[in-house]
There are 2 protein chains.
Amino acid sequence: MIRDSRLSSVLHGLLHMIGAGEPVTSEQLAQAMATNPVVVRRVMAGLREQGLVRSEKGHGGGWTLARDPAGITLADIYRAVGAPTIVAMGHRSENPGCLVEQAVNDALSSTFREVEAIFLKRLGAVTLDALAKDFERRLAKHKQSLEDQIHAAK
Amino acid sequence: MIRDSRLSSVLHGLLHMIGAGEPVTSEQLAQAMATNPVVVRRVMAGLREQGLVRSEKGHGGGWTLARDPAGITLADIYRAVGAPTIVAMGHRSENPGCLVEQAVNDALSSTFREVEAIFLKRLGAVTLDALAKDFERRLAKHKQSLEDQIHAAK
DNA sequence: TATCATGTAACATCATATGTTACATGATGG
DNA sequence: CCATCATGTAACATATGATGTTACATGATA
């Protein structure tokens with residue numbers, strides 16, 4: 001099964017935007033996200049429609065965050081990238097007249113829906129700001145680790 | 001996203017097998033599952049490898065349940081059809097050196113894994129027998145409903 | 001006005017479930 | 001023993017949707 005990586009990909013891009021203090025071009029984001037500028041614009045367009053980011057044309061243009069990252073949850077971003085399918089399984093027929101199919105669909109669908117609700121609840125509990133802070137902690141730890149290596153080599 | 005319907009499909013077939021007291025051919029299952037006999041054999045082969053069903057060639061041959069349906073859970077069947085992908089989302093890179101990617105992957109992966117565990121736990125709590133009984137209840141109710149209509153029409 | 005950047009349409013590509021054809025193998029009944 | 005039935009399996013076709021790519025239009029800035 002091909003796994004949709006838009007959410008993961010766009011989060012990567014957004015963290016880069018938070019780090020930069022100025023507009024970031026699709027070209028730069030494409031480098032960071034290991035993809036193509038057109039793909040970046042395509043996915044960022046969804047965020048712009050939801051008012052999460054802004055885009056500016058021309059010299060000095062690019063993408064900037066439009067709202068406080070402490071007020072944006074991963075669930076907001078999930079919806080903004082088009083609310084991709086969560087559960088990779090489904091039914092052959094979504095409108096079954098067959099009683100066997102009804103029994104099977106009910107048993108599976110209730111589980112599917114429950115899983116989807118939990119997934120969205122979890123995403124809704126994480127803000128973009130929290131993710132950025134987590135990254136900064138990793139960065140600090142990484143730098144410390146590098147310094148330790150330098151001192152140890154003396 | 002294309003949704004994998006093997007689990008749903010094979011459950012449909014298994015309920016038909018429980019209903020029939022004799023071996024059911026791939027041809028018959030294909031009719032019930034609205035698909036092709038070869039597809040039926042392909043998916044049933046997985047169940048046979050797990051000892052859930054048996055197949056017999058020649059006259060009077062076909063597929064039969066190999067174990068008590070009260071001892072088979074939907075999780076067993078899920079695994080037998082090849083344990084299809086549960087969560088339809090993933091990461092661009094599964095082996096990230098980038099710290100941004102690590103932060104993003106950790107945030108999402110923990111949620112993905114939690115959702116998958118809940119999914120499997122739910123499937124493990126439902127036996128094939130319970131599903132069959134649920135179907136029988138629906139059938140009885142349906143019959144009653146038909147009779148009521150006949151009486152009402154008099 | 002040249003350059004830079006987004007906006008978007010129109011394809012190509014790729015992975016994977018599903019559908020289909022063809023033929024081999026084995027079991028049963030006559 | 002042979003015709004028939006059923007599974008076993010390889011090989012290829014199809015469909016879908018994310019992703020990659022090219023091309024060109026539009027708007028903003030220096």
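In what follows, chains are A, B, ... by sequence order, proteins preceding strands, each numbered from 1.
The distance from atom CD of A/Gln28 to atom P of C/dC4 is 13 Å, rounded to the nearest whole Å. Regarding A/Met89, its CE atom lies at a distance of 18 Å from the C1' atom of D/dT16, rounded to whole Å. Counting to the nearest Å, the C1' atom of C/dA27 and the CH2 atom of B/Trp63 are 15 Å from each other. Atom CE of B/Met33 is separated from atom P of C/dA17 by 15 Å (rounded to the nearest Å). Remark: C1' of C/dT21 and CD of B/Glu27 are 14 Å apart, rounded to the nearest angstrom. Per the geometry, CG belonging to A/Asn36 stands 18 Å off P belonging to C/dC11, to the nearest Å. Across the protein-nucleic acid pair, A/Arg3 atom CZ and C/dC14 atom P stand 21 Å apart, rounded to whole Å. Rounded to whole angstrom, the span from the CD atom of B/Glu56 across to the P atom of C/dT28 amounts to 7 Å.
In this model, the phosphate group of C/dA5 is not approached by any side-chain N or O of A/Ser55 to a distance below 4.0 Å at OP1 or OP2. Taking only side-chain nitrogens and oxygens, B/Arg41 never comes nearer than 4.0 Å to OP1 or OP2 of D/dG8.
In terms of position on DNA chain C, the residue among B/His59 and A/Thr25 whose nearest nucleotide sits closer to the 5' end is A/Thr25. Where A/Gly58 and A/Arg6 meet DNA chain D, the nucleotide closest to each residue was compared, and A/Arg6 sits on the side nearer the 5' end. Residues A/Val39 and A/Lys57 each lie close to DNA chain D; by heavy-atom proximity, the contact nearer the 5' end of the strand is made by A/Val39. Remark on DNA chain C: of its neighbouring residues A/Gly62 and B/Ser5, the 5'-side contact belongs to A/Gly62, judged by nearest-heavy-atom nucleotide.
Side-chain contact, B/Asp106 with B/Gln102: no donor N or O sits under 3.5 Å from an acceptor N or O. Judged by distance alone, the side chains of A/Asp76 and A/Thr73 do bring a donor and an acceptor atom under 3.5 Å apart. Side-chain atoms of B/Trp63 and B/Thr25 form no donor-acceptor pair, as typed in the model, at a separation below 3.5 Å. Counting only N and O atoms by type, the side chains of B/Ser9 and A/His91 include no donor and acceptor under 3.5 Å apart.
Using a 4.0 Å heavy-atom cutoff across all strands shown, B/Arg48 reaches sugar-phosphate atoms only and no base atom. Among the atoms of the strands shown, base atoms are found under 4.0 Å from some heavy atom of B/Arg42. Counting non-hydrogen atoms under 4.0 angstrom, A/Asp4 reaches the backbone sugars and phosphates but no base.
Here the shortest heavy-atom pairing between A/His12 and B/Cys98 reads NE2-SG, 3.7 Å.
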